[in-house]
Amino acid sequence: MLSYNFEYYKPKSIKEAIEQYQTSKSQDKKPLYYGGGTEILTLGRLNYIYTDAIIDLKGIPECKVFGFQNNELIIGSTLSLSVFEENKVFPLLTNTSKEIADYSSRNSITIITSIKQIKGFNQCLFLL
């Protein structure tokens with residue numbers, strides 16, 4: 001559990017997610033996009049991050065896409081690492097995802113959380 005209160009939003013489209021983020025910012029809130037919750041819960045419990053508005057991206061169909069389109073691999077931002085382990089479409093990603101945490105944790109750690117940690121991004125909405 002987090003030691004502070006926050007507003008929770010679950011948009012159904014990319015447009016709604018962006019609009020909610022902008023609305024929250026205009027109200028002097030500190031919104032965060034939520035994909036799996038691992039990072040927010042872990043760092044929030046330690047008081048390393050604070051948010052008063054969480055925007056859950058899991059209800060957006062584009063964030064759940066996984067597969068090839070026009071010979072390009074498309075990966076939605078809310079997919080858990082276990083998806084890559086199970087599908088084995090991209091061997092490098094499959095092997096790398098197996099090395100991160102245990103299987104139960106990989107069910108909730110999302111691909112975008114992992115990339116944010118590697119690249120040091122502060123805000124990242126979608127992996128395209």
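Heavy atoms only: backbone and side chains are in, while hydrogens, waters and symmetry mates are out.
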For this session: Grab the two heavy atoms, one from Thr51 and one from Lys30, that are nearest each other, plus how far apart they are.
Result: OG1-O, 2.5 Å
For this session: Evaluate the side chain to side chain contact (heavy atoms under 4.5 Å, CB included) criterion for residues Ser13 and Ile60: first the C-alpha distance (whole Å), next the side-chain angles of each, then the deciding distance (0.1 Å), finally the verdict.
Result: CA-CA 5 Å; Ser13 70; Ile60 301 173; 5.5 Å; no
Exercise. Quick one: are Ile40 and Leu32 in side-chain contact, heavy atoms under 4.5 Å?
Worked result: yes
For this session: Count the heavy atoms of every other residue, nucleotide or ligand shown that sit under 6.0 Å from OH of Tyr4, and state whether that count exceeds 12.
Result: yes
Seminar exercise, completed: Leu2 and Arg45 have their tightest heavy-atom pair at CD2-N, 3.7 Å
For this session: Would you check if the side chain of Glu16 reaches a backbone N or O of Lys12 as a donor-acceptor pair within less than 3.5 Å?
Result: yes
Problem set entry | Contact check, side chains of Tyr9 and Ser24, non-hydrogen atoms, under 4.5 Å | yes
Problem set entry | Minimal non-hydrogen separation, Ala17 against Ile55, with atom names | O-CD1, 4.1 Å
Exercise. If you take all heavy atoms of Asp52 and Tyr50, which pair is closest and at what distance?
Worked result: CB-OH, 3.6 Å
For this session: Measure across Lys10 and Gly59 and return the closest heavy-atom pair with its distance rounded to 0.1 Å.
Result: CE-N, 3.7 Å
Problem set entry | Heavy-atom side-chain contact between Tyr33 and Ile54 under 4.5 Å | no
Exercise. Heavy-atom distance under 4.5 Å between the side chains of Lys29 and Glu7, does that happen here?
Worked result: yes
Problem set entry | Flag, side chain of Asn70 to backbone of Glu72, donor-acceptor distance under 3.5 Å | no
Problem set entry | Residue pair Leu57 / Ser77: nearest heavy atoms and the distance that separates them | CD1-OG, 4.4 Å
For this session: Take the angle between the ring planes of Tyr8 and Tyr34 and call it parallel below 30°, perpendicular above 60°, tilted in between.
Result: perpendicular
Problem set entry | Lys58 and Cys63, any side-chain heavy atoms less than 4.5 Å apart | no
Problem set entry | Interatomic distance, Ile18 atom CD1 to Tyr21 atom OH [nearest 0.5 angstrom] | 11.0 Å
For this session: Report the distance from atom OG1 of Thr78 to atom NZ of Lys64, rounding to the nearest 0.5 Å.
Result: 6.5 Å
For this session: Find out whether Asn87 and Phe66 are in side-chain contact, i.e. whether some heavy atom of one side chain is under 4.5 Å from a heavy atom of the other.
Result: yes
